[in-house]
Amino acid sequence: MRPRSTVFAAVTATITIGLAGCGQQAAQAPARDQGLSVTTVVPQADPAARWADSYCGAVTHLVRTLAALPVVDPSTPQQASRTSSDLLSSVVGGLDQSLAGLNALGAPPVPSADGGREDVIGQFADIREHAENARQRIDAVRGDAAATKEALGEAKATLDRIDALDYLKGLKDVPALEAAEQRAPSCRQLDQPPR
């Protein structure tokens, strides 16, 4: 399951336009869904659902960030660099928030079931490192059109990796947690299609 993958498609398309068309008109931002509020409470007597709800709540930080990413402006190499750097800074911030939430969550209340959460943490941390490296590279080559184009390619590759992630792997790999996901309001919110 990959929540909000249409956001990724729009963002990577914008970066692709930036790669192909530095010096052309700026791309318009697609409409984005930012309504990921959760209003239902999980019962105290259901520790697996509470854990799943907190897990999905942590992942929601990244999903919200991705739904509100700044637009890449490919009108000039300088604008493409600046706006791509802003976009990657946002991605890093969303990953930082999700990583903090996932790390603070601790192991699930199901024996030997923490492998999925740890795997997602590892993937998020790796992608965060690549996003930050790409952002630093974009900042370092600003003004050099060829180097900017190459650095934008790295940024697109990073977003493609995010799009390929299975955010809920930490739940789906364990039947008790997969069932708990269905009772967790934050997880149900992640499952809803974009509006």
Side-chain angles (χ1 to χ4, degrees), residues 1-12 30-70 86-133 135 158-195:
M1 177 182 323
R2 292 179 290 174
R4 313 287 184 217
S5 62
T6 55
V7 172
F8 304 118
V11 170
T12 56
R32 296 187 175 110
D33 175 27
Q34 296 180 19
L36 295 175
S37 62
V38 175
T39 56
T40 309
V41 177
V42 180
Q44 286 294 102
D46 192 349
R50 280 195 332 270
W51 189 90
D53 194 61
S54 295
Y55 177 98
C56 290
V59 170
T60 297
H61 292 296
L62 178 59
V63 173
R64 282 183 180 162
T65 296
L66 295 172
L69 284 175
D86 292 346
L87 181 143
L88 288 170
S89 290
S90 293
V91 168
V92 167
L95 285 164
D96 284 344
Q97 286 185 308
S98 285
L99 282 166
L102 290 170
N103 283 313
L105 181 58
V110 177
S112 304
D114 201 28
R117 179 188 69 98
E118 290 175 350
D119 186 45
V120 170
I121 287 172
Q123 290 180 50
F124 277 20
D126 186 53
I127 290 171
R128 186 225 180 270
E129 181 180 343
H130 282 92
E132 179 59 19
N133 289 341
R135 186 197 63 75
T158 298
L159 292 175
D160 288 344
R161 286 187 63 201
I162 292 173
D163 190 24
L165 281 175
D166 184 353
Y167 296 90
L168 301 181
K169 179 178 176 40
L171 302 174
K172 291 186 346 184
D173 290 348
V174 180
L177 293 178
E178 187 172 30
E181 173 192 346
Q182 301 304 313
R183 301 186 305 272
S186 293
C187 297
R188 288 194 304 267
Q189 200 68 29
L190 282 173
D191 283 338
Q192 293 179 3
R195 289 179 262 171

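Count residues from 1 along the sequence. Hydrogens, waters and symmetry mates play no part in the numbers below; they use all other heavy atoms, side chains included.
- The shortest non-hydrogen separation linking Ser98 to Ala58 is OG-O, 2.6 Å.
- Considering all non-hydrogen atoms of both residues, Gln182 and Arg188 come closest at O-NH1, 3.1 Å.
- Under the salt bridge (charged side-chain N to carboxylate O under 4.0 Å, His left out) criterion, the residue pairs touching residues 94-104 are Asp96-Arg128, with sequence neighbours excluded.
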Start with the C-alpha gap between Val110 and Trp51, add the side-chain angles, then the distance that decides, and say whether side chain to side chain contact (heavy atoms under 4.5 Å, CB included) holds. CA-CA 10 Å; Val110 177; Trp51 189 90; over 6 Å; no
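- Here OG of Ser90 is found 11.0 Å from CG of Leu62. Values are rounded to the nearest 0.5 Å.
- Nearest heavy atom pair, residue Thr158 against residue Ala131, reads CG2-CB, 3.6 Å.
- The minimum heavy-atom distance between Ala49 and Ala184, with the atom names listed, is O-CB, 3.7 Å.
- The CZ atom of Arg50 sits 11.0 Å away from atom CG of Leu105, with the distance rounded to the nearest 0.5 Å.
- For Leu87 against Pro70, the heavy-atom pair with the smallest separation is CD1-O, 3.4 Å.
- In this structure, the side chains of Thr60 and Gln189 stay at 4.5 Å or more apart for every pair of heavy atoms.
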As a quick check of understanding, evaluate side chain to side chain contact (heavy atoms under 4.5 Å, CB included) for Thr65 and Val91, giving each step before the final call. CA-CA 7 Å; Thr65 296; Val91 168; 5.5 Å; no
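- Atom CG in Leu168 sits 10.5 Å away from atom CG in Asp173 (nearest 0.5 Å).
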Given side chain to side chain contact (heavy atoms under 4.5 Å, CB included), test Leu102 with Tyr55 step by step and report yes or no. CA-CA 6 Å; Leu102 290 170; Tyr55 177 98; 3.6 Å; yes
Verdict with supporting geometry, Ser186 and Val59, side chain to side chain contact (heavy atoms under 4.5 Å, CB included): CA-CA 9 Å; Ser186 293; Val59 170; over 6 Å; no
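- Judged as a side-chain hydrogen bond (donor to acceptor under 3.5 Å, both in side chains), and not counting sequence neighbours, Asn133 has no contacts.
- Of the possible donor and acceptor atoms, none in the side chain of Asp119 sits under 3.5 Å from a partner among the backbone N and O of Gly115.
- The salt bridge (charged side-chain N to carboxylate O under 4.0 Å, His left out) search around Arg117 returns Asp114, not counting sequence neighbours.
- Looking at Leu171 and Pro108, their side chains never come closer than 4.5 Å, going by heavy atoms from C-beta outward.
- With rounding to the nearest 0.5 Å, the separation of NZ in Lys169 from CD in Gln123 is 7.5 Å.
- Within the 3.5 Å criterion, the main-chain N or O of Asp86 finds no donor-acceptor partner in the side chain of Arg135.
- Each of Asn103, Ile162, Leu95 was checked for a side chain to side chain contact (heavy atoms under 4.5 Å, CB included) with Phe124, and the lone residue meeting it is Leu95.
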